[in-house]
Number of protein chains: 2
Amino acid sequence: MNEPEPSGEKRRSPTIIDVARTADVAVGTVSRYLNGQPIRRANREQIEQAIQELGYKRNAAAASIRTDLTHIIGFLVPRFDEFHAQMLEHLSNTVRRSGRAVLSYCHGGDPRVIAEALDIFAAQRVDAIVMDGTADVYDRVDELLSQNIPIIFYNNDLRGLAVDRVMVDNYRASYRIVSHLADLGHERIGILMGDLANSSGLERLSGYEKALQEKGIEIDPALKVKGNWTIDGGYQATTRLMALEQRPTALFCANYGMAIGAMSWLKENGLHVPDDISLVSYDDVPVFRLYESGITAVAQPIATIAETITDILLERLGEPSNRVTRSVTLECDIILRGSTRRVA
Amino acid sequence: MNEPEPSGEKRRSPTIIDVARTADVAVGTVSRYLNGQPIRRANREQIEQAIQELGYKRNAAAASIRTDLTHIIGFLVPRFDEFHAQMLEHLSNTVRRSGRAVLSYCHGGDPRVIAEALDIFAAQRVDAIVMDGTADVYDRVDELLSQNIPIIFYNNDLRGLAVDRVMVDNYRASYRIVSHLADLGHERIGILMGDLANSSGLERLSGYEKALQEKGIEIDPALKVKGNWTIDGGYQATTRLMALEQRPTALFCANYGMAIGAMSWLKENGLHVPDDISLVSYDDVPVFRLYESGITAVAQPIATIAETITDILLERLGEPSNRVTRSVTLECDIILRGSTRRVA
DNA sequence: TTGTACGCGTTATCAA
DNA sequence: TTGATAACGCGTACAA
């Protein structure tokens with residue numbers, strides 16, 4: 001349509017052919033140099049000089065078309081909250097050591113965006129996909145798997161798929177932290193639940209219920225309120241819990257966002273932690289050391305999760321494909337601070 | 001080396017040729033279909049069925065080798081703290097609307113990693129790069145620019161490069177919030193500075209100084225302490241400030257991380273905000289509503305920053321390259337809460 | 001509108 | 001080791 005703009009137009013990058021010509025060697029030799037294979041010393045120097053001179057940069061797309069390797073890892077999460085952002089940072093750093101980069105996508109819970117993300121990952125031919133497992137992806141993940149793209153679930157699981165998994169023991173950590181509340185004499189413990197379509201949401205609830213059962217505390221359905229992982233949800237949930245005839249004396253927030261929401265409500269209504277109500281949360285963040293007398297929380301081993309994911313990734317990408325999936329479950333720490341108190 | 005594993009091997013994905021053969025049309029027709037160009041109705045149906053049947057996914061690398069367009073945006077930041085994580089989330093969502101995805105890299109302040117990231121972006125032939133400007137990149141950015149890769153700086157600037165810029169008015173926001181402290185009668189106001197190699201670090205300091213000058217308050221060098229943007233740095237800086245003979249009566253933390261560090265120190269030492277000391281911070285986060293009586297803070301317009309970046313990006317990628325760079329500076333809001341009080 | 005054939009920048013093969 | 005050349009999957013002139 002337009003006549004070719006001689007200046008300004010995206011200038012053709014120099015190619016391996018240009019390098020070969022400038023260095024006066026064959027393209028095959030340059031390719032071998034680029035891939036770290038041994039070549040004659042004199043040629044190496046010629047090539048290095050030519051690359052420098054031309055400002056040559058290998059075209060990864062052209063390479064991947066032959067090798068079927070892009071050195072890109074797809075990373076799919078619902079949102080970049082504290083937890084997922086930290087995961088991305090750690091994951092970026094661990095996969096970087098093997099020369100890979102992370103293509104991230106954030107779906108906000110929208111199934112269409114999830115499908116879109118997986119399509120893009122497929123089109124980009126990412127070497128592997130790391131994702132927060134969620135119910136809406138079953139078919140598409142299965143499809144990707146059949147094309148032999150390694151997939152690793154973390155945070156939330158989805159049974160029945162031949163993927164690798166790196167999870168934390170949500171059940172046990174919740175059980176422990178709620179037991180702690182019960183040990184302090186709390187019998188009316190409210191839970192701000194995440195989405196129960198997520199395995200972590202379900203497991204954190206189960207741990208809560210188990211702890212109560214074990215102490216012989218009746219489980220009151222009115223004390224189980226959905227907060228949908230968000231600040232707003234946590235706020236609403238707290239509103240409902242505190243409107244009960246028999247208010248809870250302690251709150252278990254199943255993630256950081258909902259804890260913020262709960263604390264907002266409490267603050268607005270002049271209630272203090274732990275004097276007026278005890279509060280514990282999943283996910284430990286730096287501010288939890290600061291708020292009131294400190295918030296007792298479950299600390300997920302984020303660095304270890306990222307390292308484990310990367311280990312599995314490298315193993316998968318190294319070996320000729322091995323269909324035995326790995327499943328790792330890591331323990332969380334309970335960080336005791338001052339947000340709980342004993343009740344009669 | 002290994003004999004070819006017939007099963008398990010990364011199965012060849014179906015190609016456009018397979019689709020053409022299955023649909024009994026020519027590859028050109030399929031290609032036109034994929035790119036939304038008009039084709040005969042009967043063929044369209046054949047093709048759609050073939051794609052479905054084969055599970056065909058276009059190979060983006062092969063396409064990009066021809067079009068020089070990858071639909072990938074490179075995103076380079078020092079770390080994924082609250083601010084940058086929110087930026088990534090917003091940026092992901094805005095560029096998604098034009099079918100693009102974000103390849104992110106996190107350099108942790110290491111110049112070698114920065115160089116590595118830019119190399120990878122160049123090799124991947126990203127359509128554009130969005131990055132936090134920093135001094136260590138001058139030459140490499142210039143090189144990228146000469147290859148006509150659009151680059152947009154945000155958060156921190158670096159003069160003398162033909163890049164687009166989306167910044168906030170750090171100077172003015174700092175000036176306003178420090179003036180607020182001065183208006184309340186504070187004369188010894190400590191500043192926890194970020195890295196002065198960053199333009200935002202420098203500008204926030206300048207705004208602080210300007211506010212003091214204007215009120216006729218002498219600038220005491222002892223009240224200006226480096227915190228290097230981190231929690232630890234903020235903690236250390238506060239330690240030094242509070243060890244002064246004449247302690248500050250107010251603290252201006254130049255970012256969220258350092259504010260957390262400062263608040264940690266204050267808490268450990270039994271000082272309350274604002275009764276014992278006033279505190280304001282750059283970067284607004286949800287928890288600032290909660291801490292003590294709320295933290296007065298500068299709120300950056302993150303959504304608008306991301307939208308502006310995307311607008312510029314789309315304009316750049318649309319037009320035949322236009323060398324006039326754009327530079328946008330956005331205003332920040334000052335959110336007044338309860339972390340300051342009047343002094344004699 | 002459709003089909004053919006070539007080119008894009010790399011890697012991989014094979015003979016030298 | 002090296003050079004020559006055939007793939008790789010897709011876009012796109014060009015002729016039909």
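In what follows, every heavy atom counts, from backbone to side chain, and hydrogens, waters and symmetry copies are set aside.
- Closest approach of B:A306 and B:T94 over heavy atoms only: O-OG1, 3.9 Å.
- Closest non-hydrogen pair, A:Y56 versus A:T15, comes out as CE1-C, 3.5 Å.
- Listed pair B:N59 / D:dC8 fails the phosphate criterion, with no side-chain N or O lying under 4.0 Å from OP1 or OP2.
- A donor-acceptor contact under 3.5 angstrom links the side chains of A:N35 and A:R58, judged on distance only.
- Among the heavy atoms of the strands lying under 4.0 Å from A:R58 are primed sugar atoms or P, OP1, OP2 only; no base atom is included.
- Checking D:dC10, D:dT1, C:dT11 against the side-chain heavy atoms of A:P38 singles out D:dT1 as nearest.
- Here D:dC8 presents its P atom at 8 Å from CD1 of B:I17, a figure rounded to the nearest Å.
- Taking the six-membered ring where the residue is Trp, A:F75 and A:Y154 present parallel rings, their angle staying beneath 30° rather than reaching 60°.
- Remark: C1' of D:dT5 and CZ of A:R66 are 11 Å apart, rounded to the nearest angstrom.
- Rounded to an integer number of Å, the gap from CG of A:D68 to P of C:dG9 is 20 Å.
- Within the 4.0 Å cut-off from OP1 or OP2 of D:dG11, at least one side-chain nitrogen or oxygen of B:S31 is found.
- The interatomic distance linking B:R41 (CZ) with C:dT2 (P) rounds to 13 Å, in whole Å.
- Taking atom CD of residue A:Q37 and atom P of nucleotide D:dT2, one finds them 11 Å apart after rounding to whole Å.
- Side-chain nitrogen and oxygen atoms of A:T29 include none within less than 4.0 Å of the OP1 or OP2 phosphate oxygen of D:dT1.
- Candidate nucleotides D:dT1, D:dC10, C:dT10 were compared by shortest atom distance to the side chain of B:A62, and D:dC10 ranks first.
- Of the candidate nucleotides C:dT1, D:dC8, C:dT10, C:dT10 has the atom lying nearest to any side-chain atom of B:R125.
- Here A:I39 lies in heavy-atom contact (under 4.0 Å) with sugar-phosphate atoms only.
- The number of heavy-atom neighbours closer than 6.0 Å to CD of B:E45, taken from other residues, nucleotides and ligands shown, is above 12.
- Listed nucleotides D:dG11, D:dG3, D:dT2 differ in distance to A:A26; the shortest reach to its side chain belongs to D:dG3.
- Between B:Y33 and C:dT2 there is no side-chain N or O to OP1 or OP2 distance below 4.0 Å.
- At a threshold of 4.0 Å, the pair B:R44-B:E48 counts as salt-bridged, since one of the basic side-chain nitrogens sits closer than that to a carboxylate oxygen.
- Separating the CG atom of A:N35 from the P atom of C:dT13 is a distance of 13 Å, rounded to the nearest angstrom.
- Between the CG atom of A:L34 and the C1' atom of C:dT10 there is a distance of 10 Å, rounded to whole Å.
- Base engagement by A:V27 is indicated by at least one non-hydrogen atom pair under 4.0 Å involving a base atom.
- When each of B:K57 and B:R32 is assigned the nucleotide of DNA chain D with its nearest heavy atom, B:K57 is the one assigned upstream, toward the 5' end.
- Between A:Q46 atom CD and D:dT2 atom C1' the separation is 15 Å, expressed in whole Å.
- The side chain of A:N43 sits closest to D:dT2 out of C:dT4, D:dT2, D:dG11.
- Considering only the side chain of B:I16, D:dC10 comes nearest among C:dT11, D:dC10, C:dT2.
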